[in-house]
4 protein chains.
Amino acid sequence: MSDSRFPMTSNRSTGRPRDETLDTAIMRAAIDLVDERGYAAVTIDAIAERAKTSKTAIYRRWPKKAAIVMEAFLVAAEPLITPPDNLPFRDTVIAQMTALAKFFQTTPGGRTITDLIAVAQTDAALADAIRENWLIPRRTVACAYFQAAQKAGELRDGIDSSALIDALYGPLYFRLLLGHDAIDKSFIEHIVDMAMMGIAPNQEKSS
Amino acid sequence: MSDSRFPMTSNRSTGRPRDETLDTAIMRAAIDLVDERGYAAVTIDAIAERAKTSKTAIYRRWPKKAAIVMEAFLVAAEPLITPPDNLPFRDTVIAQMTALAKFFQTTPGGRTITDLIAVAQTDAALADAIRENWLIPRRTVACAYFQAAQKAGELRDGIDSSALIDALYGPLYFRLLLGHDAIDKSFIEHIVDMAMMGIAPNQEKSS
Amino acid sequence: MSDSRFPMTSNRSTGRPRDETLDTAIMRAAIDLVDERGYAAVTIDAIAERAKTSKTAIYRRWPKKAAIVMEAFLVAAEPLITPPDNLPFRDTVIAQMTALAKFFQTTPGGRTITDLIAVAQTDAALADAIRENWLIPRRTVACAYFQAAQKAGELRDGIDSSALIDALYGPLYFRLLLGHDAIDKSFIEHIVDMAMMGIAPNQEKSS
Amino acid sequence: MSDSRFPMTSNRSTGRPRDETLDTAIMRAAIDLVDERGYAAVTIDAIAERAKTSKTAIYRRWPKKAAIVMEAFLVAAEPLITPPDNLPFRDTVIAQMTALAKFFQTTPGGRTITDLIAVAQTDAALADAIRENWLIPRRTVACAYFQAAQKAGELRDGIDSSALIDALYGPLYFRLLLGHDAIDKSFIEHIVDMAMMGIAPNQEKSS
DNA sequence: TGATAACCGAGACGGTACGTCGGGTCTTTCT
DNA sequence: AGAAAGACCCGACGTACCGTCTCGGTTATCA
């Protein structure tokens, strides 16, 4: 639904009501087409045709292609926020990162995130939307978890939670966007283990 | 010039020679326009007009907009590869990261990297070009440095150099592309220090 | 009201009765808008808005824009049919033509006739409506008057009344539609006098 | 060709020259389509498709559909201006009117004049074009002929040539546009004869 | 020194997609 | 059942860039 995620809405009462099923159909069509042909090759006309509707109906809901795909992405990603379980810190982090990587790499919705980030480079509104509706909610959860872990003694003192999130997830997005190397179990473990144990030799640590 | 960085070249001998100054003028125009209006808003016609030349002359040199900007970016970035000095590991890494961040954030050429990565999401050839001509050369240098450092005992055993590069630079690109937080001295130091010392509490370390 | 002049009507009995004042309001709005902006620039939505009503209410009454304007035109033109007075032939004809010209050129309703004729070129139903409801009634009156005049010896024998009507009014509509010259007292008198006296030199006449 | 008949032209020298055959092909396609489907049902896309070209090429030449059809009409009408022969006045005029009526009623190009006049009701530029390029040239010729005839004693004194033209051709256009009656030999003769001999009874004449 | 070849500029070419507009219909709630 | 509001589908609009092409004209090298 087109709630606060991106402009556009109005709580009217009179007049013919919006066909709510169209929202879904359009987003479904959009995400599928992006998955099939790639973001750039998808046109609004094609989405309308696939969703068996008209351009008018689409433009009434979203101002541009990116907005449709953005909302579709969020809908697909909604069930992804899973509260951290009670495993040890390392396992929890690896589980979360693995789940995210899997979402990105295997689901039609997830695969579009790179295209969205791409468009966001030249579309400030979309960039805001991504930060507000995708990044920040997740960072908030992660931040809370990290601070709890710190209190529980699982993290040393002096850690900047925000930087830590970037230290863990940054490499993941980096490989996702640049595609220079695989994002697999081994990579995630390396990232997490380096972050946990550090890369300095032990003697320096114990000093 | 359009060498091996991206397709397009021909070793002729006869006929009117290419006006070499045009190469520069076109790239200059391209990079400036991108800086002024943003990548997406720049058209080939506009570049031609700004460079006081014609579309023909441009297409004779590069196959598409991204290729022009890519090469202009590389030319601007060329002097950036500085061999690691003989400072301690931490200082060297911070210096390199800081230099990169500065290039990205302050120079017209550097600011286009995000646009290039964006286009690369839907342009495999450009993605290859970025990896070949930008990422790999730098990773090779960094990798060599890391292995030397390891030999010198500045890094502990069992470190995957490739993952380490991503652990350090991934967060930087992440913030650059998503723009959710600042890339400043403090951030870089946090990233490096977490990587070096780890985030686990000391006792876990000494175990 | 939308009587036999153009399709669309229904003699219901049950349910909420039509708001008769709406008919007038819509026609008023239509004719005014056409006068202000020109026929082509007027949209059904604009008429609805001006008449403070809805498209639905309009389409319930008329099938298309032309039909609204047509009926409004007829309503405005209704009082125009004035029975020929007992003046001499020449004066009567000039009076009738002058009245028509004045209606066309000075009243909002009258000024739309050119637009209606224009639309009728690509709308057979409207063409019929114009002939049935505008042209024929007037031609019938004129025809009767001409035949009476003939009987009274005011016209020579062998005159085709139908052609005579066109000979008198055709030039008027011609200038109205093509706008190549003024329709004024002088013009009308010229037309009538040429028709009456002929253009051939006198000797030819008396022969 | 798109000369002074309607806006749009430029005598360049540099750059790829216009494909002159396209001008013809587009006008041909336009006139044929109008003839097949009627003016209103013809779209620019359809013209482009029929002429095996693109919308761009069309819009580069003419600003709107009416302009294309206008020029096509003029090209088709070009050979129509035939200098008056040396027949008696009545025969000459009938011949000219008959030729015009035939052009209007039987040729694809000629049949579009009504549509053009229709559009001209809401398009001042087109109205000008019609007057300048179609009406005035013919009126000039006719006017000269009438004045010569007057000098030769074939017309009586005191005739306004301009009004005479409208008296003869107005009825023709009137029936053409309103379609209330046929435009045939008999009609034309009636119009001409009424104009020549007048409709008043002889005694009034000789008085 | 003149042919040949590739360059250069300008701008027309066929295409594709855009986002908007208006038409005429349908679906609500309210009167 | 009409009124008002507004969503619906449809089709055309005129524009903007794309990447290619075709001109007239300009340097070069090579025969």
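Chain A is the first sequence line, chain B the second, and so forth, proteins listed ahead of strands; every chain is numbered from 1. The model shown is predicted, which means the values in this text are computed figures rather than measured ones.
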Does a side-chain N or O of [X] approach OP1 or OP2 of [N] to a distance below 4.0 Å, or not?
X       : N      : value
B:Arg60 : E:dA6  : no
D:Thr14 : E:dA10 : no
D:Arg61 : E:dC13 : yes
D:Thr53 : E:dG14 : yes

Separation of [X] atom [atom1] from [N] atom [atom2], in whole Å?
X       : N      : atom1 : atom2 : value
D:Arg18 : E:dA10 : CZ    : C1'   : 13 Å
C:Arg37 : E:dG22 : CZ    : C1'   : 14 Å
A:Ile26 : F:dC9  : CD1   : C1'   : 12 Å
D:Glu49 : F:dC13 : CD    : P     : 13 Å
A:Leu22 : E:dC26 : CG    : C1'   : 13 Å
A:Trp62 : E:dC18 : CH2   : P     : 15 Å
B:Ile58 : F:dG19 : CD1   : P     : 11 Å
A:Lys55 : F:dA12 : NZ    : P     : 12 Å

- Any donor-acceptor N or O pair under 3.5 Å, side chains C:Thr43, C:Asp45: no

- Query: Charged N to carboxylate O under 4.0 angstrom, A:Arg50 versus A:Glu36?
  - Reply: yes

What's the spacing between [X] [atom1] and [Y] [atom2] if we round to 0.5 Å?
X       : Y       : atom1 : atom2 : value
B:Ile68 : B:Lys64 : CD1   : NZ    : 11.5 Å
C:Tyr59 : C:Lys65 : OH    : NZ    : 9.5 Å
A:Ile26 : A:Ser54 : CD1   : OG    : 8.0 Å
A:Arg18 : A:Arg61 : CZ    : CZ    : 5.5 Å

State which of [options] makes the closest approach to the side chain of [X].
X       : options                : answer
A:Ala57 : E:dT20, F:dC9, E:dC13  : F:dC9
D:Asp19 : E:dG14, F:dT20, E:dC13 : E:dC13
B:Thr56 : F:dG19, F:dA4, E:dA10  : E:dA10

- Query: Counting only distance, no hydrogens or angles, is the base of E:dG19 paired donor-acceptor with the side chain of A:Lys64 under 3.5 Å?
  - Reply: no

- Task: Answer yes or no: side-chain N or O of A:Arg16 and base N or O of E:dC26 forming a donor-acceptor pair under 3.5 Å.
- Result: yes

- Query: Do any N or O atoms from the side chain of B:Tyr39 and from the backbone of B:Leu33 form a donor-acceptor pair under 3.5 angstrom?
  - Reply: no

- Task: Could you tell me which non-hydrogen atom of C:Ala76 sits nearest to which non-hydrogen atom of C:Gly109, and how far apart they are?
- Result: CB-CA, 4.2 Å

- Query: Which part of the nucleic acid does A:Lys52 contact within heavy-atom distance under 4.0 Å: base, sugar-phosphate only, or nothing?
  - Reply: sugar-phosphate

- Kindly state which residues belonging to residues 38-47 of chain C come within less than 4.0 angstrom of DNA chain E, counting heavy atoms of the residue only, listed by number. C:Thr43, C:Ile44

